[in-house]
Amino acid sequence: MKKVIAITAALALAPTFAAAESFQEAFEMNRAMHGKNHVFEWNGNKYNTNHEEEVEAAVKATKANALDLIAKAKAKNKEAAEVGFEWKLTGGIIKDAEKAVEAGEYRKALDLAAQAKYHSRMGIQQHAYAQKHWHLSVPQ
Amino acid sequence: MKIIKKLALGLGVAAAAQMAQAADSGFDLKTVDPEADRIALQNYFKSRFPQAEVSDYVNGIYAVDADSREQWEELEEFPPYEFAVEEGEVLFNTPFANGKGYADCFENGGVGIRQNYPYWSKEEGTVKTLEMEINECREANGEKPLKWAKGDIAKISAYMAWTSRDKEINIEIPADDPRAKAAYLDGKKFFYAKRGQLNLSCANCHVQGSNIRIRADLPSPQLGHTSHFPVFRSKWGELGTLHRRYKGCHKDSRSKPLSHQVEVYRNLEYFQSYMNNGLVINGPGARK
């Protein structure tokens with residue numbers, strides 16, 4: 001009896017141990033646990049928990065840089081809309097970023113543009129996930 | 001010991017077979033089977049809410065939550081959509097400037113036909129909804145199309161639904177046109193795909209989450225959706241079309257909603273209405 005339980009437990013837990021933690025998993029876990037600007041180690045190398053958009057926003061707060069990031073956010077949001085996965089608030093965040101530029105608040109504009117671009121990237125990622133996994137919600 | 005081993009092996013094989021079936025059945029054009037989907041959905045709700053009659057699902061959450069039903073039955077004593085149906089009848093029977101009317105555009109003079117909508121049009125290669133054809137009728141007779149969400153279009157649609165009450169929903173997916181099944185599959189996929197900042201699918205609330213509180217609301221079961229549209233919602237204080245509700249739901253997941261009557265919403269309506277085959281039209285309805 002004990003043998004059976006041990007074998008069953010080993011079989012059930014095997015995939016958990018066998019699957020190595022991917023970079024994505026490690027990044028997401030560390031981001032969730034520590035927020036941005038945290039350094040973590042993965043496969044012997046050190047990485048930080050900043051999203052790529054936060055890295056893009058970490059430039060000198062100038063009008064040109066803000067407008068550049070807003071343009072990138074708009075382009076990414078267009079991609080999300082084209083696959084039908086645009087998020088509700090993204091357009092408004094981009095408008096707020098544009099208003100911040102007009103007001104000369106370039107740091108605020110950069111941060112808002114980064115947020116909008118992140119939303120758009122997540123929408124696109126969500127679409128890709130849905131293409132592969134939508135059937136998991138179907139009752140069998 | 002041998003018995004336990006055999007039992008464990010048996011369960012493992014059964015689970016694996018079920019998982020394999022779930023993984024490759026009904027999710028592409030080759031394997032999708034609308035009738036199997038309809039039966040599976042009914043069985044799901046029979047098992048979730050064994051006390052509810054399948055035929056009662058046209059009443060939404062009121063089929064499965066007794067307290068909500070009590071309030072709704074009181075509301076139905078003086079139905080809030082009654083005046084709108086009367087206005088819809090007047091609008092329906094008012095001739096266009098060219099002397100023709102809505103009755104000239106629809107089968108059976110537009111009376112008792114709601115149960116056949118939406119349908120697949122082979123000629124146009126698309127799903128046609130009742131509201132779409134109301135506006136096409138107007139345009140064909142030199143009138144301006146109505147706005148989609150509410151107002152006159154909802155009233156005319158409500159009157160047409162009223163004349164179809166108790167008729168069995170009968171959505172067909174023509175076997176000789178694979179595009180029809182593709183449209184159904186597209187609607188099914190939309191229903192089950194997670195979207196928006198809240199990462200919610202329609203199914204998260206209306207299948208797995210039905211009758212489970214979201215703040216103060218109880219989401220209705222998917223089975224029976226569409227039968228009572230257009231609907232008078234207390235929240236709106238007026239009648240609204242099904243696509244108005246789709247946009248609202250879509251927005252609730254923090255997605256940017258799509259336009260009324262866009263192809264994927266019509267496909268969603270096609271899928272959802274097919275799920276209701278055999279139930280009856282009870283529109284217009286009243287909801288919170």
Side-chain angles (χ1 to χ4, degrees), chain A residues 1-15 28 32 51 53 73-74 76-96 112 114-140, chain B residues 1-5 7-9 11-12 18-19 21-28 31-32 36-37 40-45 47-48 185-186 188-204 206-209 222-223 250-258 262-265:
Chain A
M1 182 67 177
K2 274 181 187 171
K3 226 180 190 180
V4 174
I5 293 169
I7 292 168
T8 311
L11 283 174
L13 295 172
E28 281 168 8
H51 290 306
E53 292 79 11
K74 277 184 178 175
K76 197 53 102 181
N77 198 37
K78 196 176 164 206
E79 270 181 59
E82 278 166 3
V83 293
F85 276 66
E86 182 179 357
W87 288 3
K88 179 180 148 190
L89 304 177
T90 319
I93 296 170
I94 291 172
K95 278 184 188 161
D96 287 346
L112 287 167
Q115 191 186 357
K117 187 165 175 273
Y118 172 73
H119 277 201
S120 311
R121 182 164 64 84
M122 289 300 106
I124 294 163
Q125 216 174 82
Q126 191 177 43
H127 170 257
Y129 180 87
Q131 293 302 305
K132 281 186 187 167
H133 302 289
W134 66 273
H135 63 278
L136 297 177
S137 295
V138 181
Q140 295 296 312
Chain B
M1 185 68 179
K2 269 185 184 172
I3 294 170
I4 294 170
K5 263 186 185 171
L7 195 65
L9 189 68
L11 283 173
Q18 202 175 18
M19 279 163 71
Q21 192 193 358
D24 61 13
S25 170
F27 308 124
D28 56 34
T31 60
V32 70
D37 287 350
L41 190 74
Q42 282 200 3
N43 288 338
Y44 174 84
F45 282 111
S47 143
R48 268 290 293 281
L185 181 62
D186 188 47
K188 178 180 173 182
K189 195 169 167 182
F190 187 96
F191 187 86
Y192 288 107
K194 285 173 176 287
R195 60 189 71 244
Q197 195 175 358
L198 299 182
N199 201 32
L200 287 171
S201 68
C202 307
N204 285 150
H206 296 289
V207 179
Q208 295 88 356
Q222 184 204 358
L223 186 60
H250 202 172
K251 210 172 169 181
D252 286 344
S253 72
R254 286 210 192 157
S255 293
K256 186 178 178 188
L258 305 172
V262 71
E263 188 178 27
V264 75
Y265 278 175

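Keep in mind that what you see is a predicted model, and the values were worked out from it rather than measured. Just so it is clear, the values below take in all heavy atoms, side chains as well, and ignore hydrogens, waters and symmetry mates.
With chain A as the partner, the residue from Asn199(B), Val264(B), Val262(B), Asp37(B) showing the most heavy-atom pairs under 4.5 Å is Asn199(B). Taking chain A as the reference chain and counting heavy-atom pairs below 4.5 Å, the highest number among Gln197(B), Arg254(B), His250(B) is found for Gln197(B).
For the side chain to side chain donor-acceptor pair (under 3.5 Å) test, residues two or more places apart in sequence or in another chain that qualify with Tyr44(B) are Arg48(B).
Looking at Asn43(B), neither its backbone nor its side chain comes within 4.5 Å of chain A, counting heavy atoms on both sides. Heavy-atom distances place the side chain of Ser201(B), and not its backbone, under 4.5 Å from chain A.
Nearest heavy-atom pair across Phe85(A) and Lys194(B) is CE2-O, 3.3 Å. Taking every heavy atom of both residues into account, Trp134(A) and Val138(A) meet most closely at CZ3-CG2, 4.1 Å. Residues Val207(B) and Phe45(B) share a closest heavy-atom pair of CA-CZ, 4.1 Å. Ile93(A) and Leu112(A) get closest at one heavy-atom pair: CG2-O, 3.3 Å. Of all heavy-atom pairs spanning Tyr192(B) and Gln222(B), the tightest one is OH-OE1, 3.8 Å.
Within residues 115-122 of chain A, the residues having any heavy atom under 4.5 Å from a heavy atom of chain B are, by residue number, His119(A).
Within 6.0 Å of the NZ atom in Lys74(A), the count of heavy atoms belonging to other residues, nucleotides or ligands does not exceed 12.
Rounding to the nearest 0.5 Å places CD1 of Ile124(A) at 9.0 Å from CD of Glu82(A).
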